[in-house]
Amino acid sequence: MIKAVAATGQLGTGFKAETLAHAAEGADFIGCDAGSSDPGPYYLGSGETQSSDAAVRRDLELMIAAGLRHDIPVLIGSAGTAGAGPHLARTVRIVRELAAEHGWHFPLATVDSEVSAERVVRAYREGRLSPLAGAPDLDEESIRAAGHIVAMQGPECFADALGRGAQVVVAGRTSDTAIFAALPMLRDIPPGVAFHAAKILECGAASVVERKYPDSMVAFLDPDGFTVEPPNPDMVCTPQSVASHTFYETADPFRLVEPGGTLVTTDAAYAAVSDRAVRVTGSTFEPTGDYTVKLEAASLLGYRTVVFAGVRDPLVVRQIDRFVATTNAVITGKVADSLGISAADYRIRWNVYGRNGTLGPLEPATEVSGHEVALLIDIVAADQQTAQAIGSVAWHTALHQPIPEYSGLVSHLAFPVSPPAISAGPVYGFSLNHVLHLDDPAETYTLTVESV
Amino acid sequence: MTQLHQLARLIRSKNAGPFELTIDVMFADEASYRRVVDAGVLDAERIAALYRVDPADVRLFRADVALAVKVSLPRPTPSGSPTDTDIFGGQFHSPIVCLEVP
């Protein structure tokens, strides 16, 4: 039997120190997912991380200490949010600093899964890329425009690192499940069991009935199935909570596509083995002859300035659509007149919260029913200076934009911050949603093992 | 008239990757689940109309074991694109919360 521990759902979001300490007793490994494409393309494009170094250091310190105490591996996947080179380097630096601080010594493996644009262009020419649902159109220019391209690795990179004796593995972009499926599969747990358990573990305590705060999760795997049991005594799993979590953020609840095949949960059975533990059996894995890794990329689209303002005057609120349209036309004219910038050279959008700011054109409500609305004026231009210049024209114009009901100078917008135009930095867009067909699972990662 | 949220224990949406959305409607009891499923409240045509997508692109799943219905569809725009309004896709379930269930 394998005891697998997930420290938390995302490295840097925390867990209770006592929960992990308790979970690590008798465990075979501790894993943690550190990334996702969920927070948008910015992190992949820019090389920045979602969680601060301080928050990541806190979680890693407890995880590595527990790993060393019990002499078990600690596995991190999708380092630093997006798992590209800069994210991996930042996480590895924190691990090295912690080792130096504590006088820890262990074999450290790093798995670099960033791929060069030239490599992807070559694959494109060779017909080795296949689009996934909703993939953007692709050409060589759009591939080369990417800030970073990562290849989402399967469990092989972790197995490879463990085979080389690594105790701590920090990997760039991997599938969430790869982190937790690798070691059990090395120890003869069938892939159907390993991947399903991994899917439950990768979100930490998210599969409990009510996750009041992020925390650790435990699964016990054997060749016939696995049992999931929260190590925090205040949390409980039920068959329904675990079954429900199998469906979380996956388009098809019964078929989870992995690099080497598909986890099929159609016939999975979920049974309570206590009032807080659930036994899962019946999942299978359909291997595909074709090994594919998903590619993610983000390209720079421009630089953003945002203006946030409240509108409370009922005469403006009741005609907010007309107010926005009229003001936008005046702004476009002023930007052309005073800055010499054509409307084709920047984007300006108005999100009207209280009207349709959240759903945009999908908003079914046709009327503003509240007493105030918030405006987000979002400007994207070729450089930050230009975006700021347009932002200044935009907020000043909107502030004093007249309405027919009043005569005399008005100030319609309530800005909660100074300056009203906030420089929001570079803007990226996801530019790949394709799989790359490989001859060998090891083709798109580079494993390095060192002693720290 | 009963609305969907009065029968469900959870209605949520989330990205399924940056280019797709998935909506989960989960029930606490078999009777509520069966009532919504049998009434055909969440059919591809209705979802397609609410989300302005081709009905052929709407995928519906029923998971009896979890008392859950899942609807997956293309995102209105990729997550984080300049026209996106919801990076995580966490509020896109809103148009179905108050659907009426016969």
Side-chain angles (χ1 to χ4, degrees), chain A residues 36-45 131-136 239-255 265-270 282 294 296 298 301-302 304 347 349 351 353 356-365 376 378 380 427-433, chain B residues 9-10 12-30 33 49-53 57-99:
Chain A
S36 171
S37 60
D38 267 343
Y42 171 80
Y43 299 100
L44 178 55
L132 297 170
Q240 196 189 7
S241 78
V242 176
S244 300
H245 190 70
T246 305
F247 310 151
Y248 186 57
E249 58 188 16
T250 172
D252 185 329
F254 302 116
R255 299 182 63 82
T265 63
T266 316
D267 296 324
Y270 304 80
K294 185 180 172 193
E296 294 174 340
L301 302 178
R304 169 173 277 144
R347 302 168 194 255
R349 98 173 143 156
N351 286 8
Y353 292 93
N356 61 357
T358 304
L359 291 177
L362 299 182
E363 175 56 60
L376 180 80
D378 175 22
V380 179
V427 181
Y428 296 87
F430 283 116
S431 54
L432 274 175
N433 189 37
Chain B
R9 72 171 169 92
L10 173 64
R12 69 182 177 193
S13 61
K14 185 83 196 284
N15 296 342
F19 298 89
E20 286 184 286
L21 274 182
T22 191
I23 302 171
D24 295 334
V25 185
M26 298 182 156
F27 300 88
D29 62 278
E30 179 90 22
Y33 170 65
L50 284 170
Y51 290 91
R52 303 189 190 178
V53 295
D57 290 334
V58 177
R59 290 190 287 165
L60 295 168
F61 302 94
R62 276 170 43 191
D64 295 353
V65 65
L67 302 180
V69 178
K70 182 184 262 301
V71 182
S72 295
L73 64 156
R75 255 181 153 277
T77 183
S79 168
S81 80
T83 54
D84 187 25
T85 52
D86 185 358
I87 305 289
F88 284 80
Q91 287 294 299
F92 279 116
H93 64 285
S94 310
I96 69 164
V97 172
C98 295
L99 283 183

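By convention in this document, chain letters (A, B, ...) are assigned in the order of the sequence lines, proteins followed by strands, and residues within each chain are numbered from 1.
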Using a 3.5 Å distance criterion without hydrogens, assess whether the side chain of B/Ser79 forms a donor-acceptor pair with backbone atoms of B/Ile87. yes
Heavy-atom contact with chain A under 4.5 Å, split by part of B/Arg75: neither
Is B/Ala63 close to chain A through its backbone or its side chain, or both, or neither, when contacts mean heavy atoms under 4.5 Å? both
Please state whether the side chain, the backbone, both or neither of B/Arg9 comes within less than 4.5 Å of a heavy atom of chain A. side chain
Strictly below 4.0 Å, N to O, side chains only: are B/Asp24 and B/Lys14 in salt-bridge contact? no
For B/Phe27, does its backbone N or O pair with a side-chain atom of A/Gln240 as donor and acceptor, under 3.5 Å? yes
Let's test your reading of the structure: which of A/Ala298, A/Pro39, A/Gly360, A/Ala133 forms the most heavy-atom pairs below 4.5 Å with chain B? A/Pro39
Report yes or no: do B/Thr77 and B/Thr83 form a side-chain donor-acceptor pair below 3.5 Å? yes
Counting only non-hydrogen atoms closer than 4.5 Å, does A/Asp252 touch chain B with its backbone (N, CA, C, O), its side chain (CB onward), both, or neither? both
One option among A/Ala268, A/Pro364, A/Ser36, A/Pro136 has the most heavy-atom pairs under 4.5 Å with chain B, and it is A/Pro136
Which one, A/Pro361, A/Gly302, A/Ala269, A/Pro253, leads in non-hydrogen pairs under 4.5 Å with chain B? A/Pro253
Using a 4.5 Å cut-off on heavy atoms from C-beta on, say whether the side chain of B/Pro95 contacts that of B/Tyr51. yes
Side chain, backbone, both or neither of B/Leu50 within contact of chain A (heavy atoms, under 4.5 Å): backbone
Are B/Val71 and B/Thr22 side-chain neighbours, meaning at least one heavy-atom pair lies under 4.5 Å? no
Keeping B/Asp86 on the side-chain end and A/Leu359 on the backbone end, is there a donor-acceptor pair under 3.5 Å? no
Judged by modelled atom types alone, do A/Thr358 and B/Thr85 share a side-chain donor-acceptor pair under 3.5 Å? no
Under 4.5 Å between any side-chain heavy atoms of A/Asn433 and A/Lys294, yes or no? yes
Pick from B/Ser94, B/Ala68, B/Gly80: which one has the most heavy-atom pairs with chain A under 4.5 Å? B/Gly80
Check each atom of B/Asp57 against the heavy atoms of chain A and say whether the ones under 4.5 Å are side chain, backbone, both or neither. neither
A/Leu362 vs B/Arg52 side-chain heavy atoms within contact, under 4.5 Å: yes
Counting heavy-atom pairs under 4.5 angstrom with chain A, the leader among B/Pro78, B/Ala16, B/Gly17, B/Pro82 is B/Pro82
Portion of A/Tyr428 that has a non-hydrogen atom of chain B nearer than 4.5 angstrom: backbone
Proximal component of B/Gln91, with respect to chain A [non-hydrogen, under 4.5 Å]: both
Residue A/Pro239 versus chain B: region with a heavy atom under 4.5 Å: neither
Chain B contact via A/Asp38 - which portion, at a heavy-atom distance below 4.5 Å: both
If one checks every heavy atom of B/Pro76 against chain A at 4.5 Å, the contacting part turns out to be side chain
